[in-house]
Structures are given as C-alpha cells and as structure tokens.
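Take a look at the structure below.
Computed from a predicted model, the values in this text were never measured in an experiment. In what follows, every chain begins at residue 1, and chains take the letters A, B, ... in the order their sequences are listed.
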Amino acid sequence: MSSFLEVVDVHKYFPGVKANDGVNLDVRAGEVHAVLGENGAGKSTLMKLISGLYQPDAGEIRLEGRPVRFGSPRNAIRAGIGMVHQHFMLIPALTVADNIVLGDEPGGIRYKRRTAAAQVRALSQKYRLEVDPLARVEQLSVGLQQRVEILKVLYRRARLLILDEPTAVLTPQEAEELFQVLRHLKAQGTPVLFISHKLDEVRAVADRITVMRAGRTVATVPAADASPQELANLMVGREVVLRVNKPPRTPGDVVLSVRNLSVTDAERRLRVRDVSFEVRAGEILGIAGVDGNGQTELADAIAGLLPASGGQVAFLSQDITRLPPGERTRRGIAYVPQDRQRDGLVLDFTLVENAMLRDVSHPPFSRRGILQHRPARAYTERLLEAFDVRPRDPDRHAGDLSGGNQQKMILAREVSRDPSLLIAVQPTRGLDVGAIEGIHRQLLRLREAGKAILLVSLELDEILSLSDRIAVMHHGQVVDIVPAETATREQIGLLMTGTRVGESEVAQPSNR
Amino acid sequence: MTPVLATALAILIGAAIAYILGFDPFVAYGALLTGAFGNTMAISSTLAGAVPLALAGLGVSVAFRAGLFNIGAEGQYWIGVIAAVWFGYHLTGWPGWLHTLVCVVAAAVAGGLWGGLIPGLAKAYRGAHEVITTMMMSYIAIYFGQYLIAAGGPMHAPGYNAQSYPIRQDAWLTVLVPPQLTTAVFFALGTAVAVWWVMFHTTVGFRLRTVGANARAARYAGILVPAYTVLALGLSGLLAGLAGGVQVLALDHRLMWGFNTGYGYTAIVVALLARNHPFGVLLAAVFFSALSTGGQNMQMVSQLPSSLTDVLTGLIVFFVAAERMVPLAIAWYRRRRGVRVQVAAAGEGGREA
Ligand SMILES: Nc1ncnc2c1ncn2[C@@H]1O[C@H](COP(=O)(O)OP(=O)(O)OP(=O)(O)O)[C@@H](O)[C@H]1O
Ligand SMILES: [Mg+2]
C-alpha cells in the first residue's frame with residue numbers, strides 16, 4: 001500500500017519544551033492508524049502540525065508523496081486533512097447544521113439554512129452518524145458533540161480524518177459505534193489517524209500503531225502483533241501494572257447521604273429523578289451509566305453547582321442541600337468536575353493560581369486575606385511533583401499543559417485538599433496507562449485513609465475494579481445498586497439500559 | 001508588546017494622514033511633543049491631565065479584570081464631582097486636610113454607589129447587562145449635574161453662569177508645579193499601587209480576576225459570583241468617582257457648565273491600551289493626556305487640526321481591539337509576496353491541549 005501521509009523527522013519547539021523532537025510517521029491509504037503515548041508525549045502537537053494549526057520548526061510533511069506546508073487549518077482541510085480536536089471547537093448557541101457548515105455555508109451572501117440542514121441530514125445518514133441537524137449544540141451530550149465535529153470535517157470532504165483522543169469522552173457503546181464509522185470510512189478508502197490511551201481499543205480497531213515517547217516516535221508496529229503489556233512498556237519505558245489490587249475493607253460511618261434527590265439543569269429539564277444512596281467512609285461508590293443519564297448533574301448537585309429541585313443531601317450527618325458550593329468545599333467535599341477546561345481550571349492562570357483556586361482564603365495560599373506567593377508556589381511545586389504533572393513549572397499557564405496533565409493538575413489539587421468526600425467524575429479521562437495507574441492508586445489510598453469516594457465513570461472496567469458498590473443510572477434514576485464483587489460487565493451493561501435483572505421491558509432511552 | 005505596537009502603528013498612520021493632507025508630519029509631531037513635554041508648564045499640564053484619566057482608567061480596568069464593561073465612568077466621574085463640591089462648600093470650620101478627605105471620600109463613595117451598586121445589583125440579580133445600565137446611569141448623572149447648577153437648581157450660585165458655589169479654599173489641593181500640577185498626582189500614584197496590590201496580592205483581587213477569567217470555574221471555586229460582580233462594579237465606580245472628586249478639588253473647584261471633559265470615556269481607552277495593568281494605566285494616562293495638551297500646540301505651530309489626536313486615539317483603539325488582526329495582516333502581506341510563513345496559531349487555538 002502506498003503512503004497517503006508521511007511525516008519525516010519533524011521537530012516542534014515551544015519555549016522551554018521540545019514538544020516534537022524527531023517524529024516519523026506514515027499513514028497508508030485505507031488504513032486506521034493509531035498513535036499511543038504518555039501524557040505530554042507530543043501527540044496532540046503532532047496532529048496540530050499535520051492539520052496546519054502549527055508549522056514544524058524542522059522536518060517535512062508529505063501528502064501523497066509531495067511535500068506540503070499548510071499555513072493554516074483552512075489550507076489543510078482544502079488539501080483533504082480534517083481534524084477533530086481533543087477539546088471541541090463548537091459554538092454552543094448555534095444548531096448542529098449551522099456549526100457543521102460554518103465557514104463553508106451553502107448559498108451566496110444569503111445563508112440557506114434549509115439547504116444546510118438537508119445536506120447535514122444526508123451526510124449523517126451516509127456515514128451513519130445520527131444527529132438532529134436542528135438541535136442546538138449546547139443541548140447535546142459530549143458524545144453527540146463529537147459526531148458534530150466529525151461531520152464538520154466530512155462535510156469539508158476530508159480525505160484523511162484525524163481524531164485526537166476521540167474515545168476519551170465516549171461510553172463503550174458510543175466508542176463501538178465510532179469504530180463502526182471508522183471502519184466504514186476505511187472501507188471507502190479514507191485513512192484515519194487517531195490518538196488513544198486505551199490499549200484494547202487501539203488493538204481492536206487500528207491496523208498499525210505508532211508509539212510516541214518524550215517527543216519522539218519510538219516504534220510503529222502492526223496492531224495484530226502487539227500485546228497490551230508490550231505497548232504499555234513501550235509507551236512508558238518501564239513495566240506497567242495493568243491491574244489494581246484492592247484490599248478488602250469494612251466501610252465506616254455514612255459520610256454522604258442522598259435522599260430522594262431530584263435535579264433540573266439550567267434549561268429546566270429534569271435530569272436526576274428521585275435518587276437515593278449513601279456513601280460510607282472508606283468506601284468507593286461507583287456510578288455507572290451511559291453518558292448523559294444524569295450522572296454529571298447528580299455530581300454537580302452534591303457539589304452545590306446545581307440546586308436540588310427536591311430531596312435532600314446530607315454530609316457528615318448535616319443537611320447541606322441549600323449550602324453554596326464554597327461552604328461545601330470548606331466542610332470537606334472535593335470535586336473533580338467532568339469538564340476540566342470550563343469548570344476545573346482557569347486556563348489563563350498559572351498553575352500556582354490554579355492550585356489555590358478552591359482554597360485561596362486558607363494557608364498556605366493566604367493569610368488574613370493577603371496572598372502568600374512564595375509558600376503557594378512551594379506548595380504547587382510539591383503538588384506537581386507528587387502527581388507527576390509535566391512540565392514541573394508552577395509558573396506555566398494551565399492552558400499550555402497537555403490534556404492529560406491538565407487533568408492531573410485538577411486531581412492533584414482536589415486529592416491534596418484532604419477531603420472527607422471526593423466526587424470524581426471521569427478522573428482518568430484522557431490519561432495514559434501509567435498515569436491511570438497512579439490515579440487509581442491515589443483513589444485507593446484515599447479509600448484506605450477512610451475517605452468516602454463517589455466515582456462517576458463511563459469506563460466499566462474502572463468502575464468494576466475500583467468500586468465497592470456500583471450504582472447504575474439510567475434516565476436520571478438509579479436503576480439498582482449492586483456489590484462490586486459479584487457484579488459482571490453483562491449485568492451492569494444491562495442495568496445501564498434500564499433493565500433490571502428479571503425484567504424484560506426496556507425503559508425509554510434518555511432524551512439528551 | 002502589542003500595546004506599544006498598536007501605538008506605533010497609529011502614530012505612523014497619523015503621520016501618513018498628515019502628509020497626505022499637505023502637512024509636514026515631523027513638524028506636527030515635534031510640536032505635539034514640545035506642547036506636551038517641552039517645558040515645565042507643559043509637563044505640569046500634561047501630568048495634571050493624566051491624573052483623572054489614570055484614576056478613572058483604573059476604575060474601568062478593575063471592571064474589565066472581572067469581565068465587566070463599565071462604560072459609564074463618565075457619569076460616575078460627574079457624581080464624584082457633585083459629591084465633592086457639595087461637601088466642599090457646605091462644610092465649614094473643618095481643618096483643611098480633613099475637609100479635603102471628606103470631599104474625596106464622598107466622591108468615591110458616591111461614584112461607587114452610582115456606577116457600581118446599582119448596575120452591579122441589577123446585573124447580579126436581574127441579569128441586566130452592565131453596558132446598558134452603566135450607560136443609562138451615566139446619562140442620568142450628567143443631566144442631574146446640569147440640573148443642579150442650572151438657574152433655580154439647588155446648587156446654582158447666583159449669577160449669570162450655570163455654575164455651583166465654589167468649594168471652600170481650605171479644601172483645595174495644593175499646587176506643586178504651576179500652573180496645574182497639584183497633590184492630586186499623589187492620589188493617582190497611590191491608587192495605582194493600591195489597585196495593583198489588591199488585584200495581585202489579596203484574596204479579594206484573586207477572586208475578582210477569577211470571575212473575569214472564567215466565571216464557571218469561579219463558581220466551582222466557591223466564589224459568590226454575584227457578590228463579586230457587585231464588588232467589581234462598585235470598585236470601578238468608586239475609582240471613577242474618586243477621579244471626579246480629586247480633579248474638582250485640584251483644578252475647577254466648582255461644578256460648572258462646559259465642564260464636560262470626556263475623561264470617563266477616554267478612561268476606557270486608557271484601560272484598553274494598558275491591558276488593565278495598574279501601572280500600564282499610569283503610562284497610558286500620561287500618553288493620552290500628552291496627546292490632548294500637545295495637540296493644541298500642534299494646531300498652533302503646524303496648523304494641523306488638533307483633532308488629529310482624536311484620529312490617533314481611534315486608531316489605537318482599533319489596533320488594540322483588533323489585536324489578532326496584526327499577526328494576520330503580517331501573514332497576509334508575506335503570503336502575497338509568495339513567502340509561506342507561520343500564521344501564528346495564536347488566534348486559532350493555541351489554547352487546547
Ligand atoms: N501552546 C503550548 N505552549 C507551550 N507548551 C506547549 C503548548 N502545547 C503543548 N505544549 C507542551 O508540549 C508537550 C506536548 O504536548 P501535547 O499536547 O502534544 O501532549 P499529548 O501527547 O497530546 O498529551 P496528552 O495525552 O496529555 O493530551 C507538553 O509538555 C506540553 O506542555
Ligand atoms: Mg493531547
């Protein structure tokens with residue numbers, strides 16, 4: 001097979017960082033090619049170089065044998081290279097169709113909205129990427145937003161599709177659907193280049209795998225020949241423990257008690273319906289469910305970011321249902337929110353400022369209202385060290401960190417606050433295997449220390465291996481709560497569709 | 001860097017305009033410079049004019065930092081003037097320094113309540129956009145001031161002119177360098193340092209900046225965003241009010257018609273050019289004040305209308321606001337010459353991982 005795209009000894013430097021330092025890659029016509037690598041290895045940078053967002057400082061990119069140099073993403077997409085970013089770039093207030101055609105609208109001066117919607121509908125049927133062209137993007141789940149992003153590049157007739165960590169935000173089902181789409185594209189001769197941290201899926205869907213480490217490509221292997229252990233070791237450069245081992249533990253007192261909680265979101269839609277559960281000290285309660293079934297709203301409500309429309313939340317035996325978020329934080333609730341860039345971090349602030357975000361009125365960050373810059377900086381340095389956030393530079397802006405390192409920064413901050421309750425929504429989203437191992441160890445350490453943990457995750461394996469009990473949500477309700485030792489993937493998977501064992505009727509899928 | 005670049009570009013284009021109109025740009029700019037800094041008197045006027053610009057500019061920048069656009073600094077300035085004048089001639093028998101202090105505090109508080117509290121509360125609890133409310137409040141203040149000193153108005157001093165009674169002389173600020181430079185300059189310097197310290201060295205300033213940088217993250221961080229909205233607009237109005245109070249104590253000593261100077265509007269440009277940094281505000285204030293004092297000299301010497309300085313101001317606003325256009329324009333230019341260059345990914349998404 002001939003090469004569609006070749007990257008030859010490409011270098012890209014940022015001030016003080018060699019993001020890409022000798023990268024070689026070739027993507028053949030009609031193959032699915034995966035890129036693996038640790039957080040900060042330079043994967044996103046490479047994709048941005050290929051898609052014209054950055055220009056290489058040295059080296060060459062060839063498209064069908066001809067050297068190319070794209071001045072901007074616009075040029076790249078004209079040449080047929082379409083990219084879906086790790087963090088979506090959609091305009092929330094516009095409709096799906098508007099977002100897809102934006103910048104390339106049908107009609108001349110007058111925008112033909114109808115035509116656009118029709119074209120988008122046709123496109124989404126052709127590629128089996130179902131989405132309502134007239135829905136507003138802000139109302140869509142992350143999974144659906146991704147479809148919009150993919151449609152956006154397909155609409156521009158991409159001949160190579162690049163996806164940066166596409167499955168990080170998807171449920172296993174959604175990921176499987178995405179793979180169907182990728183296979184479909186491949187069958188039509190459109191090569192796909194995608195980044196992932198999940199070894200299983202990479203092996204399942206890719207033809208070849210390129211591994212990056214510290215800005216370099218270290219190997220390209222056929223997917224069929226690579227074992228997960230081998231890949232993990234290539235990525236990290238050391239042996240990685242892929243299994244967590246969770247010592248048995250008897251839970252202590254009730255830390256969090258949720259009674260008949262109902263929550264409506266900002267658009268006044270009922271997202272959590274009459275949910276009740278408890279989390280005890282030294283216990284991890286996993287919340288499983290398909291994305292968009294009320295898990296994030298539940299977490300937001302417990303953290304105080306969304307008001308409860310009914311029911312009660314009690315923390316350490318005290319009713320906190322009406323307390324503002326800040327007060328809940330002070331009482332010992334830590335929260336890793338789902339959307340790290342919008343909620344978890346201030347991208348224009350330095351890491352020091354982000355470290356103090358939640359506790360600025362306390363030592364070591366301030367004393368009597370006055371910031372203590374030096375102790376705050378020292379504290380941040382220790383955080384970066386302990387949680388292996390790279391680069392270890394407290395003065396860097398959060399926005400300059402790689403996606404996985406942003407996530408590590410939030411976790412570092414929240415876990416180090418020594419909370420009684422940690423609410424973690426998708427804590428390992430976008431992390432490499434080595435980092436996931438580290439985070440899982442941190443969560444178990446908290447459990448060991450007698451903290452209560454509410455773990456919301458779309459990863460069934462993560463839920464199954466870490467949780468003591470598993471609550472499954474569907475359509476805003478907790479379908480069932482089961483002990484983790486006896487739970488199976490199949491059982492949880494079935495519950496996630498709203499079916500309780502012994503029942504045959506399937507509840508209506510949630511209306512996202 | 002960009003503010004300097006924007007200014008330089010504006011000055012260049014201004015020169016081109018002068019040249020096209022048939023004037024010698026070197027003569028014109030030379031006259032502008034001597035007019036602004038050529039002798040002690042010029043410097044005195046320039047610095048004196050910079051004081052209200054700096055104070056009001058600090059006010060606008062504080063709101064900007066919190067993500068709010070206080071467009072009504074002009075009205076807050078007027079309210080400050082009114083309050084200072086009212087206390088300035090009503091209080092009698094107070095020691096001079098205390099009298100001054102009362103006037104200054106009254107001006108600041110009045111500005112804060114007017115520009116901050118009312119639009120702030122309306123925004124925080126009713127969602128009324130501050131651009132609209134501060135603007136409306138601003139007009140109310142200006143017309144209210146005119147009513148006060150019109151014939152028959154409560155502050156009207158007997159006589160033909162629409163003006164108030166003068167502030168008692170014991171409360172006037174001391175002249176340092178004649179004709180205009182008074183101790184007001186210390187208010188500007190001190191306030192800039194205070195604003196800098198609050199913004200970057202206190203938890204209040206940190207929270208304020210957080211609200212401006214990412215309101216959602218601010219809520220997550222436990223910050224009461226509505227309260228900080230009120231606070232930011234309050235501080236903003238307070239500083240604009242202070243500008244009015246200090247200025248009237250320093251120079252005009254009374255509320256009078258024709259007093260309308262537009263400091264509150266120029267303050268927005270000052271904050272923009274300074275990128276909301278308190279010390280940058282000082283520099284930008286001196287710059288714009290120099291444009292206005294120097295502009296008159298330029299007109300006298302070179303016959304080039306002093307309104308060219310308004311053109312310069314407009315150009316600067318344009319370039320600063322269109323920050324992203326500069327690299328784009330450069331890239332466009334180079335592309336046209338057939339050189340493919342880096343279109344600095346700047347505007348296009350340098351922020352995501
Ligand atoms: N705009 C930027 N300015 C400065 N440094 C940057 C910038 N973008 C990336 N970097 C740095 O370059 C390195 C590679 O980042 P990149 O985003 O390519 O990593 P990645 O492999 O995609 O990681 P992740 O899996 O965490 O997303 C990191 O050290 C990162 O901090
Ligand atoms: Mg990345």
Count the heavy-atom pairs under 4.5 Å between each of [options] and chain B, then report the option with the highest count.
| options | result |
| --- | --- |
| A/Q372, A/R328, A/K43, A/M356 | A/M356 |
| A/S366, A/G430, A/P337, A/A303 | A/P337 |
| A/G304, A/P324, A/G369 | A/G369 |

Query raised in the report: Are A/H373 and A/F365 an aromatic pair by the rule of ring centers under 6.0 Å?
Result: no

Query - Check against salt bridge (Lys or Arg N to Asp or Glu O under 4.0 Å), A/E38 and A/R390 - result: CA-CA 11 Å; A/E38 278 191 288; A/R390 290 177 234 175; 3.4 Å; yes

Query raised in the report: For the residue pair A/Y54 and A/F14, does the interplanar ring angle fall in the parallel (under 30°), tilted (30 to 60°) or perpendicular (over 60°) class?
Result: perpendicular

Query raised in the report: For the residue pair B/H201 and B/W197, does the interplanar ring angle fall in the parallel (under 30°), tilted (30 to 60°) or perpendicular (over 60°) class?
Result: parallel

Requested in this report: Counting only heavy atoms closer than 4.5 Å, note whether B/R209 contacts chain A via side chain, backbone, both or neither.
Outcome: both

Query raised in the report: Between B/T202, B/V204, B/I223, which shows the greatest number of heavy-atom pairs under 4.5 Å with chain A?
Result: B/T202

Query raised in the report: At a heavy-atom separation under 4.5 Å, does A/R413 approach chain B through its side chain, its backbone, both, or neither?
Result: side chain

Query raised in the report: Checking heavy atoms, do the side chain of A/E165, its backbone, both or neither come under 4.5 Å from chain B?
Result: neither

**Report entry** Polar contact flag, side-chain donor to acceptor under 3.5 angstrom, B/N276-B/S61
**Finding:** no

Query raised in the report: More than 12 foreign heavy atoms under 6.0 Å from CZ of A/R74: is that the case here?
Result: no

